[in-house]
Chemist: 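Before I ask anything, here is the structure I am working with.
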Protein chains: 4
Amino acid sequence: MMNSFGEIFRFTTFGESHGLAIGVVVDGVPAGVPIKQESIQAELDKRRPGQNQFATQRKEADKVEILSGVFEGKSTGTPIAMVIYNQNQKSKDYSNIKDIFRPGHADFTYWHKYGIRDYRGGGRSSARETAARVAAGGVAKCILDEFGIDVLSGIVQVGDVRAMVEDFEYAISSEIFALDKSKEAIWKEKILQAKNNHDSLGGVVKLKITNLPIGLGEPIYYKLDNILASAMVSINAVKGVMIGNINSHTLSGKQNNDQITKDGFVSNNSGGILGGISNGEDVEVEIYFKPTPSIFQTQKTIDTSYNEVDFTLQGRHDPIVAVRGSVVAQAMARAVIVDMLLLNMTRRLDYLKKVYGE
Amino acid sequence: MMNSFGEIFRFTTFGESHGLAIGVVVDGVPAGVPIKQESIQAELDKRRPGQNQFATQRKEADKVEILSGVFEGKSTGTPIAMVIYNQNQKSKDYSNIKDIFRPGHADFTYWHKYGIRDYRGGGRSSARETAARVAAGGVAKCILDEFGIDVLSGIVQVGDVRAMVEDFEYAISSEIFALDKSKEAIWKEKILQAKNNHDSLGGVVKLKITNLPIGLGEPIYYKLDNILASAMVSINAVKGVMIGNINSHTLSGKQNNDQITKDGFVSNNSGGILGGISNGEDVEVEIYFKPTPSIFQTQKTIDTSYNEVDFTLQGRHDPIVAVRGSVVAQAMARAVIVDMLLLNMTRRLDYLKKVYGE
Amino acid sequence: MMNSFGEIFRFTTFGESHGLAIGVVVDGVPAGVPIKQESIQAELDKRRPGQNQFATQRKEADKVEILSGVFEGKSTGTPIAMVIYNQNQKSKDYSNIKDIFRPGHADFTYWHKYGIRDYRGGGRSSARETAARVAAGGVAKCILDEFGIDVLSGIVQVGDVRAMVEDFEYAISSEIFALDKSKEAIWKEKILQAKNNHDSLGGVVKLKITNLPIGLGEPIYYKLDNILASAMVSINAVKGVMIGNINSHTLSGKQNNDQITKDGFVSNNSGGILGGISNGEDVEVEIYFKPTPSIFQTQKTIDTSYNEVDFTLQGRHDPIVAVRGSVVAQAMARAVIVDMLLLNMTRRLDYLKKVYGE
Amino acid sequence: MMNSFGEIFRFTTFGESHGLAIGVVVDGVPAGVPIKQESIQAELDKRRPGQNQFATQRKEADKVEILSGVFEGKSTGTPIAMVIYNQNQKSKDYSNIKDIFRPGHADFTYWHKYGIRDYRGGGRSSARETAARVAAGGVAKCILDEFGIDVLSGIVQVGDVRAMVEDFEYAISSEIFALDKSKEAIWKEKILQAKNNHDSLGGVVKLKITNLPIGLGEPIYYKLDNILASAMVSINAVKGVMIGNINSHTLSGKQNNDQITKDGFVSNNSGGILGGISNGEDVEVEIYFKPTPSIFQTQKTIDTSYNEVDFTLQGRHDPIVAVRGSVVAQAMARAVIVDMLLLNMTRRLDYLKKVYGE
């Protein structure tokens, strides 16, 4: 399980930040799905660093190459392996961070867990790994496109400034995937301010999944919501997740229950999920990102010999991880949804009869 | 996976609310662990309904019987099966809810997903299933006790009233597992008020895990935090989870990073987890429960033939699900921790050499 | 995985030979399947000991009780738990085998592996566990019956006497599930002779699966043949398995290849499986059982303190394990086939469209 | 599971015979293991085609490249991805086999299962995939070398000519991995004869695992023997497997039971496995390979439009698949053993205490 995600639509990622390559093997793709390399690349391009001043200036082309599983433009049912060769892996001097545990990073825990650590740019714990997820999500998207299922996302909060409206259409073209055009300017300002302070900022991503069939999610431990939660919290820097109305815990049952008419649910406090199963309403999830731990101010830390040091990081990093995280959240959600579509097919005798006849 | 949780320490639950029995099979228990039925029963007793006015008055003895896997007081390495026979399963008249989808419940989704529904008391979607988790957690506790690892929990918020302090010792003896003695009276009042209004209330549980070794959690997709998130959101009525400082997303990197000295971390915004791996600090998690969907006010809903009906529920239900949910959250956390302990053992060559010699 | 089998149709067994009960939880059963307790019981009755002189005289009613997952005669999609309470668990004197490793048995390995051993009747390593598999296979049969898929089996060899014909119809009514009526008498005589010698006999079971759709089996590591092999070798006393023509390894390619006409395959050396996937021909498997290790002659062995002892077993045991093993092999094959049917449903985009529409 | 093997030491292979590349991601490698690329390459070299007249003349350098998971010569605990770029993938004319189902091959079943087929050289169903397994086995070998566990193999039968002795040392240097030097000449002659007849030959591989600790194997469904069986039968062209004495099914209990003295087991009919768990004796397994289905004689078959055709294959193929299969069997066995070592570590409380202290 460690580096794999999903039960049937299952992807396995590999690779370190500054190793030779990162990549992913996507297993469980149904045969016959049109797979367009350019549309997978398009997802990667959204996540790609260096595109504007709100993201790290590190340059990575993130050019994906499909090694297997696609023949004459379609999936064959065999694993789709994709590789992205790292351009940034050339010899750099890591001596200043080699033995240091950067605060807020996984350096400390990887070193203690494994007794060995690839210190080059965070190694496996770097958010660079998420490029591989985005590639897997790109394959998932090819499947969801066949059923008109959309996964949308954007920034709903930067620091403590929250959106008033959620315009997923607008977010697509916003440099910071802002869901609220009226807040975009102030958000950008806050980000640049943090950046200029050699600091960083937390934020919140909102995810919306539309046009989902009723019935996705496998009780009791592979529910749609707990697996979405697992998917989201597995993303670097994510510290929390909320399904549906983020204030449900403060409400009464009368206030929170979504009453039902023959035209559907009157409200959507549930975020489209009841008992862990999609109810046909939009699935809505919020994802809470801590600020980027890579900051350029001096911090106290220790080295591997437990010496205390005053540490000042150098390099190029995102002033806010939530922005590019919005793209990753979409990818993970798509992978979850495809897995749930496949599992749910197997849950009714009448579905078996549709496929196999009687 | 559907009804199983965990990779090595893996439990599988079964049973419906008003069926013959519920139960659990716990696989992956190491051999040689002292298993005390009475201490498993003690966990179940904490969760048992009918103990005071803040929980449902439904009577269930929840008497657990161990069917296998224990010999002469110790685990043998074979599966520990436990069964709880239902006392409440006697014929009751369900005709009023048989074809009705109760708002906020899983009736609607189960019916649409499966095309068939055990309507007796919610069937499988009932929170009664969580008794089986608590039994599994009781087995996990037997293991954790050998290592002095404690999992604590309590109520940190009822509706919109939040605790000022977190006293996990106090919570143990509180009828509502209150973490803040000074808020307990107002919380109780709010709960009874909701109850008298035929309504219910949401709340928040805080979980703390102490004395954890550094190194638990398997990157990238079986991290300590994303699996805890999955475990918690799989609990009935849970809509969200936060790891560490619940405001990290509003902070700057400088504010949020936990600096390190040779005596340890200066702060614990990370909630004891960095890069998905325990860092030796207390693991802290908040779990957000929606209000009990079972309320006794009239609500609009539809029946299986899409007729609109005004529905008024009858019966006995918790006015707040978070209180007994606190016990379930502990159980799930224990299961996660044991699984992580077992997995982590396999992650270093020097550990293999400790076990197998060279 | 340890005590669970299958990926989607996944069952988990529990229980020791002389513990309180044995049982099984069957997860992944599609909703809407008619589940008849009497037809599950009928499978158990075929395996039940004490029915004639060719099996152990130990008495076990093996009465199965369904605890969950069935409502109004149909599966609900939730786990079907079944329990069989042991009647034979009353206090017996085990002092003579308590510290002894019976030759040919798992006593030695369980004790060394776990450091603790339930010595009562073999505990978990007893073939009694296979009753739980048969119950799970009974549920699988309810599903296969909907599609006219038959799993047949019988004895094709006792000791070194092999059948000349394979009459699966005849085997059903034979006391020893003999596939060859003309060999039945000599086989029975050999079995009784071994029994009278306080010895036991090996044998071979042949399994045939008919009416299977083309396409079952998931390359590369969840092929129909390797999972059937895993299922069969997991049965107590099985030491080998052969798919299709058991002499294929001695043939030339020209002899062994099954040529194809528009009416189908000209021969079936492949045993109905090509590249790990069913090809529409009958699936044919042979399963090789060692002789029952429980014999009543004096044997050399050691005790837990490494003292050498001359050991003479007492009790009641099958003179040939293959006979009742034939029923277990059927059950395991049914579980495999259902799992493969469910997995294969998810492997083509056009199947998804049949279930979900476009 | 489809393209993955193992529970903790889990590898996932990808790639088609004539696609861009094949490869494997090995997850679950403990940290700190010296990983030598040249020793992995050495295993691949043993399996590499084109080395002598007893194997296919197809040229593939099978040069492996490690993309991740190794840092400064040691495993880091993160996935080790390896890729082998295909040299043989250049445009060739496949028009003659494009729509034809080659007898004995998976063409028929892949086409029916998936509705699409990569017809270039068998695509995913080609034995070329086994190169990726050998790479994974090479990583496993690095771990086993730390504990002195050896996995040996060789040819014990070609066609119907069986070895008289089993000399695993000799096999290493034999061009056909012959276990019996006295049979090597006749075996080679038979192979060349089949080759000259444009035919092929079946054979049997014997596998021996030495120096294994007692206790490997996880009852009931992840036993050492049933997982070895699964591993072996998953290899292309394998149709059967036997554990221990291949004639156990013809013996009596008295003959077959391995009696025990304080110096160990008197015989090894069990093949080193009792109750699915290693007993400290050598593990012995035979693996039965059908003849290569690729022969150059005219055969009857049909095309995708159900037209009957007389088909004559062209190209270069192994006259006997068992020879190079011997290398693959070793690799799979190594992967199984490492997985079992890791799982078994977690099965005793006293092992946990060795790793974590009390």
Side-chain angles (χ1 to χ4, degrees), chain A residues 1-3 5 7 103-104 106 109 112-113 115 125 159-160 199-202 204 214-215 218 220-223 225-226 229-230 233-234 239-240 242-244 248-254 256-257 259-262 274-275 277 279 288-293 295 297 299-302 306 308 348, chain B residues 1-3 5 7 103-104 106 109 112-113 115 125 159-160 199-202 204 214-215 218 220-223 225-226 229-230 233-234 239-240 242-244 248-254 256-257 259-262 274-275 277 279 288-293 295 297 299-302 306 308 348:
Chain A
M1 50 4 255
M2 306 170 204
N3 293 283
F5 189 85
E7 287 292 323
T109 50
H112 279 87
K113 179 180 184 72
S125 71
D160 53 5
D199 205 345
S200 64
L201 218 50
V204 183
I214 303 176
E218 301 303 322
I220 303 289
Y221 300 108
Y222 211 73
K223 290 172 169 172
D225 42 8
N226 77 292
S230 174
V233 178
S234 79
K239 301 299 282 185
M242 290 276 180
I243 316 289
S248 282
H249 58 286
T250 67
L251 303 180
S252 80
K254 177 71 175 181
N256 189 63
N257 280 350
Q259 299 187 52
I260 320 175
T261 70
K262 59 187 153 189
L274 283 171
I277 302 168
N279 69 3
Y288 298 80
F289 288 80
K290 72 175 184 181
T292 320
I295 56 173
Q297 299 185 32
Q299 301 175 88
K300 285 189 192 310
T301 189
I302 59 174
Y306 283 79
E308 297 192 339
R348 285 174 71 154
Chain B
M1 54 355 263
M2 305 170 205
N3 293 282
F5 187 85
E7 286 293 322
T109 49
H112 279 86
K113 180 179 183 73
S125 70
D160 52 6
D199 207 346
S200 64
L201 219 51
V204 182
I214 303 178
E218 301 305 321
I220 302 290
Y221 300 108
Y222 210 73
K223 289 172 170 171
D225 43 6
N226 78 293
S230 175
V233 179
S234 79
K239 302 299 286 184
M242 288 279 179
I243 316 289
S248 282
H249 58 283
T250 67
L251 302 180
S252 80
K254 177 72 175 181
N256 189 63
N257 280 350
Q259 299 187 51
I260 320 178
T261 71
K262 57 187 153 187
L274 283 172
I277 301 170
N279 69 2
Y288 298 80
F289 287 81
K290 72 175 186 181
T292 321
I295 56 172
Q297 299 184 31
Q299 299 175 90
K300 284 188 194 310
T301 189
I302 58 173
Y306 282 78
E308 298 191 338
R348 285 174 71 153

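This one's a predicted model, so the numbers in the text were calculated from it and none came from an experiment. Basis for what follows: all heavy atoms, side chains included, without hydrogens, waters or symmetry-related copies. Order of the sequence lines fixes the chain letters, A, B, ..., with proteins taken first and strands second; residue numbering starts at 1 for each chain.
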Chemist: For chain B, find which of N3(A), N279(A), I214(A) contributes the most heavy-atom pairs closer than 4.5 angstrom.
Modeler: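 Of N3(A), N279(A), I214(A), N3(A) has the most heavy-atom pairs under 4.5 Å with chain B.
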
Chemist: Scan I295(A), D199(A), T292(A) and name whichever one has a side-chain contact (heavy atoms from CB on, under 4.5 Å) with S252(B).
Modeler: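 That would be D199(A); it is the only one of I295(A), D199(A), T292(A) passing the side-chain contact (heavy atoms from CB on, under 4.5 Å) with S252(B).
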
Chemist: N257(B) versus Q299(A): any side-chain heavy-atom pair under 4.5 Å?
Modeler: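 Of all side-chain heavy-atom pairs linking Q299(A) with N257(B), at least one is under 4.5 Å.
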
Chemist: Any donor-acceptor pair under 3.5 Å linking the side-chain atoms of N226(A) with those of S230(B)?
Modeler: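 Checked: S230(B)/N226(A) side chains pair up, N/O donor to acceptor below 3.5 Å.
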
Chemist: Specify the closest pair of heavy atoms between L274(A) and T109(B), including all atoms of both residues, with the distance to one decimal.
Modeler: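 Minimum heavy-atom separation between L274(A) and T109(B): O-OG1, 2.8 Å.
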
Chemist: Just so I understand: if I count every heavy-atom pair under 4.5 Å between each of V204(A), L201(A), D160(A), T261(A) and chain B, which residue has the most?
Modeler: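 Among the listed options, the one with the most contacts to chain B is T261(A).
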
Chemist: Under the 3.5 angstrom rule, does the side chain of E308(B) hit a backbone N or O of K262(A) as a donor-acceptor pair?
Modeler: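 Side chain of E308(B) to backbone of K262(A): a pair is present.
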
Chemist: By ring-ring contact (aromatic ring centres under 6.0 Å, His included), which residues pair with Y288(A), not counting sequence neighbours?
Modeler: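 By the ring-ring contact (aromatic ring centres under 6.0 Å, His included) rule, Y288(A) matches H249(B).
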
Chemist: Please identify, among G240(A), P103(A), G244(A), the residue contributing the most non-hydrogen atom pairs under 4.5 Å to chain B.
Modeler: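 Result: the option with the highest number of such pairs is P103(A).
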
Chemist: Using only atom types and a distance under 3.5 Å, with no angle test, would you say the side chain of K223(A) pairs donor to acceptor with the backbone of S234(B)?
Modeler: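 Here the side-chain-to-backbone pair exists.
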
Chemist: Locate the shortest heavy-atom distance separating A106(B) from G275(A); write the atom from each residue and the value.
Modeler: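 That closest heavy-atom pairing would be CB-CA, 3.7 Å.
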
Chemist: Quick check: closest heavy atoms across P291(B) and S248(A), and the distance to 0.1 Å?
Modeler: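 Here P291(B) and S248(A) meet closest at CD-O, 3.1 Å.
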
Chemist: Chain B: which of G253(A), G104(A), A229(A), P293(A) shares the most heavy-atom pairs with it under 4.5 Å?
Modeler: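 Option with the top pair count is G253(A).
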
Chemist: Going by the rule salt bridge (Lys or Arg N to Asp or Glu O under 4.0 Å), which residues pair with K113(A) if we only count those two or more places apart in sequence or in a different chain?
Modeler: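 Salt bridge (Lys or Arg N to Asp or Glu O under 4.0 Å) list for K113(A), sorted by chain: E218(B).
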
Chemist: Under a 4.5 Å cutoff for heavy-atom pairs, which residue among S200(A), S125(A), G115(A) has the most contacts with chain B?
Modeler: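 Heavy-atom pair counts peak at S200(A).
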
Chemist: Using heavy-atom distances under 4.5 Å, tell me whether F5(B) contacts chain A through its side chain, its backbone, both, or neither.
Modeler: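 Interface part for F5(B): both.
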
